[in-house]
Asker: 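Dropping a structure here in structure tokens format, bear with me for questions.
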Amino acid sequence: MEEGHQLRQVRIEKLEQLRQLGVEPYPYAFESDSRTSELIGKFEDFQEPDKGPRHRIAGRIRSFRGKGKVAFAHIDDGYGLLQLYVRKEEVGEDPYKMVKLLDLGDFIGVEGHMFRTRTGEITLHVKSIVLLAKSLRPLPVVKEKVVDGEKVVFDEVHDKELRYRQRYVDLVVNPEVKQVFRTRAAVIDRIRRFLNDREYLEVETPVLQPIYGGAAARPFTTHHNALDRKLYLRISNELYLKRLIVGGLNRVYEFSKDFRNEGIDRTHNPEFTMLEFYQAYADYHEMMDLVEDMLVDAAAAAAPGGNLVFGWRGHDIDLAKPWPRRSMLELIGERAGEEISLPLDKPRLAALCKKHGIEVEPGMSAGKLLDELFGELVEPHLINPTFVTDYPLETSPLAKRHRSKPGLTERFELIIGGAEIANAFSELNDPLDQRGRFEAQMQLRDEGDEEAQVLDDDYLRAMEYGLPPTGGVGIGIDRLVMLLTGMETIKDVILFPQLRGPLKKDV
RNA sequence: GCGCCGUUAGCUCAAUUGGCAGAGCAAGUGACUCUUAAUCACUAGGUUCGGGGUUCGAUUCCCUGACGGCGCACCA
């Protein structure tokens, strides 16, 4: 809608008419004392509703039905809709002229008492009304009615592009979107308390990093002018948090916005939120216990009442403890129908891959082949929470060698609904082993693997001062919220997901 | 990056074999003092995503680009 569009022009003209009536279209504040949802909820408590107390409430006009000298409207205060009943006789001549100049989308403040209309709807009987902000652009008009107790919505806004690009519109017209983001905040709050209660310290580490690390991914790069230096947006905060363990902050965590220069799909957004937490003197077994407790606790923020069954990706997922802990080799062996034994036999794994239609490239290590088999044969079938343990050494350069299984590490991933929700290790704390692992990664990098990790000398120096045995976990918060809210795409749990290109037209 | 599908009024959507681009809601004017997808009458509203082509004539067919969705690839 360009500057001169008629719908917008009409509203601009109304601004002038309002000012001529002495109405300021953009006043400074309004003191409200109620919420729509509470007023409706408490209505039944009133002895004599029609003579009940006065309430003040502010919000956006979402529907309007003028009937001559009386008007009905619904106000939306962000928590729900409440019907208003306005009579010219009661609010006065001039205010009613103002009412006639109102549009859907305008913010108003009202004062009045509660009653029930002849048709049964709980309603605010307005005694006074003020304009709080005039809206110039028409919001999409969505109507609903209740049929047999079921809400039927008309002209619902489905257009994904409009919803993501103009999230402010989406939030107004699709009220369930607000609930997703309230749940997201509640889940994060709950996890933060869970960790604080266990004497974890919340910390902040650099987003701009001279060397990126802690994960296998391609980074975004940027440049610092004053330092004339290339910097990377973090792909992970793992190495910084472990430096803090070296320093004696024995339990640390950070909700970290990470950035990875990768494709975008239902489970990947270039910037996403990761929770990482590290605990000195713990191993991965202890971290599994902690993750299990943490996520069951977090689920309560999304589904009060102790319900632990969540519908997601076409499955009913039961989060009830305990969650099975299965080794990766065992799971692959079951699905492949043949036992995978140690030490890993690369030609045999390659044959197995080919048998299951997985492309084998010459440079692939035995561990990489195992990862491929797991992703193809096992992961999609793990619906209820499962801790998959003991990943190959080659693909886990920051994880400690397994205490009894050569060629594997003490690492687990938590898989729910076929998606990776958490990744964790007994952290590698042998600095010489770590140096060797970094060197192996650099070798892969030289061979063209752009996602191989980069050797971080300062991190090695820190570890040489001494890193205690440590358990560490990373949890993909966006995916966790998807699970707990039943959303099928990561775009639905990120307020402003990354989209290509600019707004295609000014609508 | 590849394939398939889509983009028409502010919103939700139609448009026959290629033949004057329509409806509902929203908007404007008028009527209406308990309406509720309020109702009634009238009015206005379009670069059919952009560019090119075929044709007497393109929303429709062809090419190309943009954006979105889905799938694949990539991806802890």
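These values consider heavy atoms only, across backbone and side chains, with no hydrogens, waters or symmetry-generated copies. Fair warning: this is a prediction, and the values are worked out from it, not measured in the lab.
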Asker: Take atom C1' in B:U17 and the same atom in B:C25, then report the distance between them in whole Å.
Answerer: 33 Å

Asker: Using a cut-off of strictly less than 4.0 Å, decide whether A:Arg165 has a side-chain nitrogen or oxygen near OP1 or OP2 of B:G68.
Answerer: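 Yes, such a contact exists.
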
Asker: Is there a side-chain polar atom (N or O) of A:His5 under 4.0 Å from OP1 or OP2 of B:G10?
Answerer: yes

Asker: Does B:G68 have OP1 or OP2 under 4.0 Å away from a side-chain N or O of A:Arg500?
Answerer: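 So the side-chain polar atoms of A:Arg500 do come within 4.0 Å of the phosphate oxygens OP1 or OP2 of B:G68, strictly under.
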
Asker: What's the gap between B:A21 and B:U8 when it is taken at their C1' atoms, as a whole Å value?
Answerer: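 These two C1' atoms come out 8 Å apart once rounded.
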
Asker: If only side-chain N and O atoms of A:Lys67 are considered, is one of them under 4.0 Å from the OP1 or OP2 phosphate oxygen of B:C34?
Answerer: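 For B:C34, OP1 or OP2 has a side-chain N or O of A:Lys67 closer than 4.0 Å.
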
Asker: Quick check: do A:Arg163 and A:Val157 have side-chain heavy atoms less than 4.5 Å from each other?
Answerer: yes

Asker: Are more than 12 heavy atoms from other residues, nucleotides or ligands located less than 6.0 Å from atom CZ of A:Arg19?
Answerer: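 Yes, because the 6.0 Å sphere around CZ of A:Arg19 holds more than 12 heavy atoms from other groups.
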
Asker: Ignoring backbone atoms, establish whether A:Lys143 has a side-chain N or O less than 4.0 Å from OP1 or OP2 of B:G24.
Answerer: no

Asker: Considering Watson-Crick and G-U wobble pairs with both distances under 3.5 Å, what does B:G50 pair with?
Answerer: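 Because both required distances fall under 3.5 Å, B:G50 counts as paired with B:U64.
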
Asker: For the C1' atoms, the ones on B:U16 and on B:U12, what distance do you get once it is rounded to whole angstrom?
Answerer: 23 Å

Asker: Is A:Glu150 atom CD crowded by more than 12 heavy atoms from other residues, nucleotides or ligands, each under 6.0 Å away?
Answerer: no

Asker: From the options B:C34, B:U12, B:U35, select the nucleotide whose nearest atom is closest to the side chain of A:Asp155.
Answerer: B:U12

Asker: A:Arg65 side chain N/O closer than 4.0 Å to the phosphate oxygens (OP1, OP2) of B:A38?
Answerer: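 Yes, A:Arg65 has a side-chain N/O under 4.0 Å of OP1/OP2 on B:A38.
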
Asker: Which comes earlier along RNA chain B counting from the 5' end, the contact point of A:Lys100 or that of A:Gly66, where each point is its nearest nucleotide?
Answerer: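 On the 5' side of the pair lies A:Lys100.
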
Asker: Closer to the 5' end of RNA chain B via nearest nucleotide, is it A:Leu499 or A:Arg266?
Answerer: A:Leu499

Asker: Classify the nucleic acid contact of A:Gln83 as base, sugar-phosphate or nothing, counting any heavy atom under 4.0 Å across all strands shown.
Answerer: base

Asker: Donor-acceptor pair, A:Arg260 side chain versus A:Ala217 backbone, under 3.5 Å?
Answerer: no

Asker: Which listed nucleotide (B:U35, B:A37, B:G69) is nearest to the side chain of A:Glu121?
Answerer: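 Of B:U35, B:A37, B:G69, B:U35 is nearest to the side chain of A:Glu121.
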
